[in-house]
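Numbering of residues begins at 1 and proceeds along the displayed sequence. All values derive from a computational prediction rather than experimental measurement. Whatever order the structure lists them in is the order used to number ligands and atoms, beginning at 1.
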Amino acid sequence: MVKIAHQYHLPVLVDAAGELPPKSNLKSIAATGADLIAFSGGKAIRGPQSTGILCGNKDLIASAALQMLDMDDHLELWDPPSDLIDRTKFAGIPRHGIGRGFKVPKEEIIALLVALRLFISGAYDASVLTARSILEKIVQGLQGCPVQCTIRDKGDNESLPLLEIKTTDGETAMRVCRDLRCGNPPIYLGHGAVKEGKLLVNPLHLDQKTAETIVTRIHQNFN
Ligand SMILES: *Cc1c(COP(=O)(O)O)cnc(C)c1O
């Protein structure tokens, strides 16, 4: 995609919000030549929900940074980091950009950096194994339900496994999916393949107790 887009001078912006882990994606997606890559700060990195990381082509990062300005400066005094923004290109000071309304508080930026360090250092690597055992417990718990369970695992010991729960048909999967959402607590299963009768469980931030609730509620749906 990068190759074709660049032939036509189009930048490629990658929504990589959910592409961690593996940690290697922090670098390997940029290495494809993609121009801008966005990662969620609040998912696997475990930073604040409202944060994220935008990385890639310097000019585009500079453009995004310009969208964050407020109006509280004077052209003669405005002194953006020169290695990112070439001030001489501007006839006037850019005014309130669209990013201003999405500003991330300083304390959350610091929290994201702390979380990112922990993520990179492997502090959460063990949770992939825990995730797998939680999914296995769900599979055991669903015995006796008219469903077929498959744990999808890339086997790299870093990517999160996914549990696929196959029901008899799309209609049934849709009914279960809707019912789980409407109950208390609401449970949101992955619905990417619901038409094929499949429901997905992503174990990110799932704990033992929540997993038991999922099992109970799916059983209730078939009784
Ligand atoms: C989670 C997710 C988002 C939203 O990311 P936030 O950091 O929660 O705003 C966007 N795109 C994809 C593919 C996601 O998985």
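Scored by the side chain to side chain donor-acceptor pair (under 3.5 Å) test, T51 finds no partners at all (sequence neighbours excluded).
For Q67, the CD atom counts as densely surrounded, since its 6.0 Å shell holds more than 12 non-hydrogen atoms of other residues, nucleotides or ligands.
When side chains are defined from C-beta on, L84 counts as touching K58, because their heavy atoms get closer than 4.5 Å.
Here E171 does not pair with R175 in a salt bridge; the nearest charged N to carboxylate O distance is not below 4.0 Å.
Applying the side-chain hydrogen bond (donor to acceptor under 3.5 Å, both in side chains) definition to pairs two or more places apart or across chains, those involving residues 105-127 are K23-D125, R46-S127, S50-E108. Residues in residues 74-86 take part in these side-chain hydrogen bond (donor to acceptor under 3.5 Å, both in side chains) pairs, two or more places apart or across chains: D86-T88.
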Any protein N or O within less than 3.5 Å of an N or O in ligand 1? List each pair with its distance, or say none.
residue  : atom   : partner : partner atom : Å
ligand 1 : 7 (O)  : S40     : OG           : 2.6
ligand 1 : 11 (N) : D15     : OD1          : 3.1
ligand 1 : 11 (N) : D15     : OD2          : 2.6
ligand 1 : 15 (O) : K43     : NZ           : 2.6

